Structure formats: structure tokens, C-alpha cells
Amino acid sequence: VTSPDPDIVEFGRKAETLIQALADCSEEPTRLIRKFLSPEHRRAADLVQAWMSDAGMTVTQDALATLRGHYNPSNASKLVLCGSHIDTVIDAGRYDGNFGVVAGILAVDEIRRRGIDLPFGLEILAFGDEEGVRFPTTLGSSSAIAGLVNDEVLSLVDDDGISMRQALMEFGADPSAFRNIVYRPEDLLAYLEVHIEQGPVLEAQGYPVGVVTSIAGHARHMITVKGVAGHAGTVPMTLRRDALTAASKIILDIEQLARDNQAHAMVATIGRLELLPGASNVIPNEVTFSVDLRAASDAPRIAATAEIERICAQIEANRGVQVTLAQDHAGDTTACSEPIQDHIAGAISDIGLTPFRLPSGAGHDGQSLAKITDIGMIFVRCRDGISHNPAEHASMDDMGYAVAALVGTLERMGRHYSASS
Ligand SMILES: [Zn+2]
């Protein structure tokens with residue numbers, strides 16, 4: 001492993017400085033908490049706005065308080081968007097979302113410094129609401145600019161009964177401008193996002209950055225197993241209809257199913273389980289558990305759901321229990337554009353690294369943007385795969401590589417677009 005060149009080291013150093021400044025914008029001194037439209041969000045947005053201006057961008061704030069830093073030296077008509085979110089979960093890490101915004105700003109700064117002429121405008125977006133911590137939304141800011149929600153979201157209230165409309169006005173945004181929030185697909189060329197991986201794959205494989213192939217689709221099922229309660233001392237093992245042991249067999253079979261589908265990056269998680277009656281001397285008669293199922297594409301995930309139904313029917317027959325499966329949530333896989341993946345891969349090769357490709361198991365703003373334009377994502381290795389946790393960490397060199405890869409991707413997209421238009 002050679003050490004990165006001085007430009008990359010410098011990108012990483014700058015990124016870390018900006019990320020630390022954002023991390024200081026927190027509701028509490030010892031934990032990072034930055035909710036949508038909070039005073040901490042305002043302070044962070046003011047920093048981002050100043051950095052965008054310093055990098056040569058014209059900054060506006062839309063109806064949902066997304067900062068849009070516009071850079072367009074050639075006055076081109078089409079835009080490439082690049083962004084991420086600056087809200088955090090409770091007791092968050094410093095890099096999730098925030099690094100994507102910082103990377104976009106540093107990329108524009110570099111493009112201006114080097115006088116790189118791009119045949120499209122750039123708009124760096126700092127979304128205020130991705131995590132959905134304050135209001136009951138998911139991917140709130142990005143789904144609004146993609147036209148996926150209407151202005152009813154403004155009436156959502158937080159735990160203190162404050163509406164989003166009121167919070168936006170206190171923040172200094174103009175919710176009445178909501179009708180202007182949506183980008184027109186014909187004005188866009190692409191949406192790019194740099195994000196920490198939030199998983200352990202890049203670290204395990206030894207790659208600082210990676211090319212994201214898709215954002216995994218997911219399904220959430222609730223499975224209920226009903227057996228017969230009985231005295232733990234009197235009912236012989238052969239005469240039991242134990243809901244928990246039946247559920248355990250189903251759970252282990254689901255684990256095996258996911259392990260057998262590694263070619264599709266399938267993961268299955270039982271994260272919640274409740275059993276009744278819940279006494280140490282009573283055979284459980286009812287168990288309910290969740291199954292979170294994800295894969296890099298839809299067909300294997302749908303096939304796996306059918307297989308889970310078959311597993312349930314088999315256990316039902318073998319163990320004399322009743323099993324019901326209900327799907328309570330599903331979302332399709334979002335593919336990243338293959339030409340953009342190739343531009344990113346080329347840019348990663350240009351800085352002397354191997355362009356490793358991987359799917360994203362976590363959700364991202366790109367899922368919204370993919371409804372209106374092509375998307376591409378660059379992942380950055382994070383230590384031990386930890387995220388949504390104060391131990392979250394990306395190294396300065398890795399962040400430097402990601403910024404360089406973003407600049408290179410934009411240059412490659414620029415050459416490609418010039419040649420094809
Ligand atoms: Zn994030």
C-alpha cells in the first residue's frame with residue numbers, strides 16, 4: 001500500500017476539519033444530536049452556506065430548508081446534483097450524511113481552483129431531513145424535491161406538537177414556496193452521493209472507497225406462531241406444541257436461506273421477538289417476530305419470501321402449530337446507473353485504487369432522486385463497519401480518496417457529456 005498523494009491528503013485534512021465543525025453543532029455537549037429544523041441544524045446550515053459561498057457557489061434555501069449551492073461557470077442548462085443530509089440520529093457518528101455534503105463542497109472548490117470546465121451546472125444539496133428523527137417521515141427532504149410527497153407533510157407534528165410548517169418558519173425557511181421545490185427531470189443529468197458505507201465490507205476487502213451498484217430493496221414480515229400452552233413439568237416432549245421451539249426452527253431456516261443467497265448479497269434479520277405467556281414454567285403458546293429481508297435485486301428477495309412461506313408451512317405441518325406470515329412493508333431495489341458506475345470506477349482507477357463494486361444495504365436519499373434522474377454513489381470505508389454510533393469513523397486518507405474520486409467522476413461525466421451532446 002502506497003501513501004496517497006499530497007492532494008488527497010489535503011482533501012482528507014480539510015474534510016476532517018469541516019466535519020469537526022459540523023459535529024460541534026449539537027443539542028448536547030457529550031452526544032451528537034442534530035434534529036431537523038433545530039437551532040443546531042440552523043448553526044450547521046449557516047456553516048455549510050458559508051463554505052458553499054467560499055467555494056464559489058450561489059446558495060439558496062428551499063421550502064424544506066435544503067441548502068442548494070449552485071455552481072455553473074459555463075451557464076450550462078443541465079444540472080448534476082450532489083448531496084447528502086446534515087441531520088443526525090440521537091447519539092450519532094460525525095460522518096453519516098455530513099461527509100457527503102462536505103465532499104460535494106470540496107469537489108466544487110477543487111473544480112474551481114483547477115479551472116475545470118464542465119458542460120453542466122453543479123448543485124450541492126444539504127438535506128435537513130433524512131433520518132426522520134423529528135417528524136414521522138423517511139427521506140423527507142429528498143422525497144420532496146423528487147415530487148414524491150405533497151405539501152401535507154408540512155402539517156406533520158413533532159413530539160411537542162410543533163408542525164413542520166411552524167418549525168420551518170422559525171428556522172427561516174419559506175414553506176409557502178413548497179410548490180417550487182420539485183426539480184424537473186429534463187433539467188437533470190444525475191444525482192451523485194458520497195456516503196460512508198455503514199457496513200464492514202470495504203474494510204474486510206481492503207478498499208478505501210467503493211462503487212455502489214444498487215440500494216437494496218427490502219421487505220419486512222411479521223410471523224406469528226401459535227401453539228398450545230402447558231405445564232413445563234407435566235407435558236412430555238413428544239406431546240408438546242411449543243410455539244417458541246417452532247419459531248426457533250423457522251428463524252434458523254431463514255438464516256440458512258440468506259446464507260445460501262450470498263450471490264445476491266441477501267441479509268435476513270430477526271430484530272424483534274415477543275413470546276406469550278412469558279413465564280419460566282409455562283410452554284409458550286404464541287410467538288411473534290419480525291423478519292427484515294434485503295437483497296441487491298428484487299427477484300431473489302421475492303423468491304426468498306416465497307421460500308419463507310414454504311418453510312412456515314412445513315414447520316406448521318411438522319410441529320402441529322399454526323403459522324401466519326404478514327408482509328407489513330416492502331420497497332423495491334434502486335439500481336445505480338451503469339454508465340455512472342463506470343465513470344466512478346474509472347475515477348477510482350485514475351487515483352491508483354481498485355474499483356470494487358458493492359450494493360448498499362442501508363437506505364439513502366438516492367432512492368428518492370432515482371425517481372427523477374440517474375443516480376451514482378461512492379462509498380467510503382468506515383472503521384469496523386460501525387454507524388449510527390459515536391464510534392463511527394472514516395480516516396482522513398479515505399475521505400481524501402473519496403473527494404478525489406468525486407472530482408474525477410465529474411470530470412469523466414463532463415467529457416462524456418461533451419462528446420455525446
Ligand atoms: Zn446517511
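Keep in mind the model is a prediction, meaning the values are calculated, not measured. Both counts, for ligands and for their atoms, begin at 1 and track the order of listing. Just so you know, residue 1 is the first one in the sequence shown, and it goes up from there. All heavy atoms count here, side chains included; hydrogens, waters and symmetry mates do not.
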Given 3.5 Å as the limit, does a donor-acceptor pair link the side chain of Glu392 with the main chain of Asp96, or not? yes
Would Tyr95 and Glu16 count as having a side-chain donor-acceptor pair, cut-off 3.5 Å? yes
Does one side chain, of Asp129 or Ser141, offer a donor that lies under 3.5 Å from an acceptor on the other? no
Less than 4.0 angstrom from a charged side-chain N to a carboxylate O is my criterion; do Asp87 and Arg134 meet it? no
Check which protein N, O or S atoms are less than 2.8 Å from the Zn ion (ligand 1) and report how many there are. 3
List the atom pairs, with distances to 0.1 Å, where a side-chain N or O of residues 46-54 and a protein N or O form a donor-acceptor pair under 3.5 Å, not counting sequence neighbours.
from, atom 1, to, atom 2, distance (Å)
Asp46, OD1, Arg42, NE, 3.1
Asp46, OD1, Arg42, NH2, 3.0
Ser53, OG, Gln49, O, 3.1

Do the rings of Phe379 and His364 sit parallel, tilted or perpendicular, given the 30° and 60° boundaries? perpendicular
